[in-house]
Amino acid sequence: MHDIKAIRENPAAFDAALSRRGLSALSPQILALDADRRAKIVAAETAQAEQNRASKEVGAAKARGDEAEFERLRALVAQSKADIARLTAEADAQDVALRDLLMGIPNLPLPEVPDGKDEAENVEIHRWGTPRAFDFPPREHFEIPAVKPGMDFETAAKLSGSRFVVLKGAVIRVHRALAQFMLDTHIEEHGLTEMWTPVLVKDDAMYGTNQLPKFAEDSYQTTNGWWLIPTSEVTLTNSVAGDILDEAVLPIRMTAHTQCFRSEAGSAGKDTSGMLRQHQFEKVEMVTICTPDTHLAEQDRMRDCAQAILEKLEIPYRTVTLCTGDMGFGAQRTYDLEAWLPGQNTYREISSVSTCGQFQARRMNARYRAAKTETGGGKPEFVATLNGSGLAVGRCLIAVLENGQQADGSVLLPAVLHPYLGGRTKITADGQLA
RNA sequence: GGAGAGGUGGCGGAGUGGUCGAUCGCGCCGGUCUCGAAAACCGGAGUGGGUGCAAGCCCACCGUGGGUUCGAAUCCCACCCUCUCCGCCA
């Protein structure tokens, strides 16, 4: 959510940033609402102050036994009650209206974010590894002989419909190894703290990380009102909602491995084969809570953590900075990591690392108290929040399988996974670990 | 699921209708004292909003939302959460 004071102080800058995201100027509408709201607040508070004064006089009259004056004042106060109720309701309504409006406006891109309409205009900033030269036509993951016995879409369809998968045998073991490997690396080498969180959350959490109010149709809700998280960004980030943190505890760098649930509404026909895009998938997520002056450095750090995973897995990838037209609702800047998928002969998104600045913190009311200095401090300020995949486990499995496939139908597995697989180094063409 | 207890400021803990935004203790910050520190003493200190150049003033907040009343942290209703015991259970 945006800071109304910042918009008030510099509406032109606000509108200019909005236009970079392809939105028309909103500050006139916002400022009009804001002015109206403040006028209503003044009216309501003035009336309330008068009543409070009168009430004290009533009490005083009663105390000195002046019954006539007591009754006169009492009637007066009683009369103004309805007026106050009306004014207060109006002020509240304006407040809600402004909040609703601000809630629906996306975050503003940082100056260094490239302008652009869509993903075609993202800017590559880093490339690692060289795609293997195949002396046979590389297959997509679900067509590799070694994989086929362990990736069962028919059974999943029987159970749940399309966009689900049943994994078995060697394939799920590699999947599990991947998640463990990612977590262990983040914990031991990157200094992140592992968390285990609910995957069912209340409305408030979904508002905090921007899923609500605009993107309700992208998530699933239970009959009693809980939401299934589309990413553990929701639980990790909202873990500090409403808090006033001591600056000394920042930055807080977390990671979690959870199931994620997405309806994929609007993605009909997109990536329908294989397990690239599922309703249910696993992700190792990273979330950082930090001070606003450190968030850019923290974002680079987080990106490096994600890149390190791909490098250890020996998967060629490239990193892009998303252009204004491709950024998510809450992001100020986003790096996407795209893994090389030989079966598709292209790079596909496997991680997205975003800083939201104070955007989510304002929604969640998550603050920190800056250490006192001569110049100030000591006052609560909103924290900055960042989130990134570290990585999407299912997509990472795809990348490992496609990049490791051999002419004979087997798959060679990256060395860092061998310890997690009892020393086994490959999946044979008939689907066995060996 | 059943029974009971409880939700007050960073923490502990008072407060059952009228200057209570809230006694007190601890912790915290500033000062006095000290070579320095501790102790002691003095003083300060919540959050959000509105208004104002500012000092300040005003409004709201004692789990949440309603209600009663001239007036509510205090009374009433609903809900949420926590704890204890019992039951069930991965």
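Naming convention: chains lettered A, B, ... in sequence-line order (proteins, then strands); numbering from 1 in each chain.
- When the C1' atom is compared between B/rG17 and B/rC70, the two are found 12 Å apart, to the nearest whole Å.
- What separates CG of A/N52 from C1' of B/rC57 is a distance of 14 Å, to the nearest Å.
- As rounded to whole Å, 8 Å separates atom C1' of B/rG46 from atom CZ of A/R369.
- As rounded to the nearest Å, B/rG18 and B/rG56 have P atoms that lie 31 Å from one another.
- Distance, A/D34 CG to B/rG49 P: 12 Å, rounded to whole Å.
- Where A/R8 and A/T46 each meet RNA chain B at their nearest nucleotide, the meeting point lying more 5' is that of A/R8.
- With P as the reference atom, B/rC20 and B/rA38 are 35 Å apart, rounded to whole Å.
- In this structure, B/rA3 forms a base pair with B/rU84, meeting either the Watson-Crick or the G-U wobble geometry with both donor-acceptor distances under 3.5 Å.
- Rounded to whole Å, the distance from CG on A/D92 to C1' on B/rG66 is 14 Å.
- Interatomic distance, A/D218 CG to A/S267 OG, rounded to the nearest 0.5 Å: 8.0 Å.
- Ranking B/rC70, B/rA60, B/rG49 by closeness to the A/R37 side chain, first place goes to B/rG49.
- A cation-pi arrangement is present between A/R303 and A/Y335, with the terminal nitrogen or guanidinium carbon under 6.0 Å from the aromatic centre and inside a 45° cone about the axis.
- Spacing between atom CZ of A/R363 and atom P of B/rG48 amounts to 20 Å, rounded to whole angstrom units.
- For A/R367, the listed nucleotide lying nearest its side chain is B/rU47; candidates were B/rC58, B/rG49, B/rU47.
- Comparing B/rG49, B/rU69, B/rU51 by their nearest atom to the side chain of A/R74 picks out B/rU69.
- Here the CZ atom belonging to A/R367 is positioned 12.0 Å from the CD atom belonging to A/Q358, to the nearest 0.5 angstrom.
- With both ends at atom C1', the span from B/rA22 to B/rA73 equals 8 Å, rounded to whole Å.
- Nucleotides B/rU34 and B/rC53 are separated by 44 Å at their C1' atoms, to the nearest Å.
- B/rU68 and B/rG30 have their C1' atoms separated by 46 Å, given to the nearest Å.
- Across all strands shown, the partner of B/rC61 is B/rG46, judged by Watson-Crick or G-U wobble contacts whose two distances both fall under 3.5 Å.
- Contact annotation for A/Q51: backbone-only contact, meaning every heavy-atom pair under 4.0 Å involves sugar-phosphate atoms and none involves a base.
- Place A/I4 and A/Q48 on RNA chain B by their nearest nucleotides, and A/I4 ends up nearer the 5' end.
- On the C1' atoms, B/rC62 is 10 Å away from B/rG7, given to the nearest whole Å.
- Defined by atom type and a distance below 3.5 Å, a donor-acceptor pair is missing between the side-chain atoms of A/Q180 and A/D184.
- Phosphate proximity of B/rG49 to A/R38: absent, as no side-chain N or O sits under 4.0 Å from OP1 or OP2.
- Atoms CG (A/L98) and P (B/rG50) sit 10 Å apart, rounded to a whole Å.
- Across all strands shown, B/rC20 forms no Watson-Crick or G-U wobble pair with both distances under 3.5 Å.
- A donor-acceptor distance shorter than 3.5 angstrom exists from the side chain of A/Q278 to the backbone of A/V165, with no hydrogens or angles considered.
- Distances from the side chain of A/A49 to the nucleotides B/rU51, B/rC70, B/rC58 place B/rC58 closest.
- Under the 30°/60° scheme for interplanar angles, the aromatic rings of A/H2 and A/F14 are found to stand perpendicular.
- Atom CD1 in A/I41 sits roughly 15 Å away from atom P in B/rG48 (whole-Å rounding).
- Partner assigned to B/rU51 is B/rG56, using Watson-Crick or G-U wobble distances below 3.5 angstrom.
- Pair assignment for B/rC41: B/rG31, on the basis of Watson-Crick or G-U wobble contacts that are both within less than 3.5 Å.
- Counting to the nearest Å, the P atom of B/rA72 and the NZ atom of A/K81 are 9 Å from each other.
- Here the separation of B/rA5 from B/rC77, taken at their P atoms, is 14 Å to the nearest Å.
- Looking at A/K426, its side chain never comes within 3.5 Å of a backbone N or O of A/A434 through a donor-acceptor pair.
- A/R362 comes within 4.0 angstrom of no nucleic acid atom, judged by non-hydrogen atoms across all strands.
- A/N365 comes within 4.0 angstrom of no nucleic acid atom, judged by non-hydrogen atoms across all strands.
- Comparing B/rG49, B/rU47, B/rG71 by their nearest atom to the side chain of A/P380 picks out B/rU47.
- Pairing for B/rC11 goes to B/rG25, judged as Watson-Crick or G-U wobble with the two contacts each under 3.5 Å.
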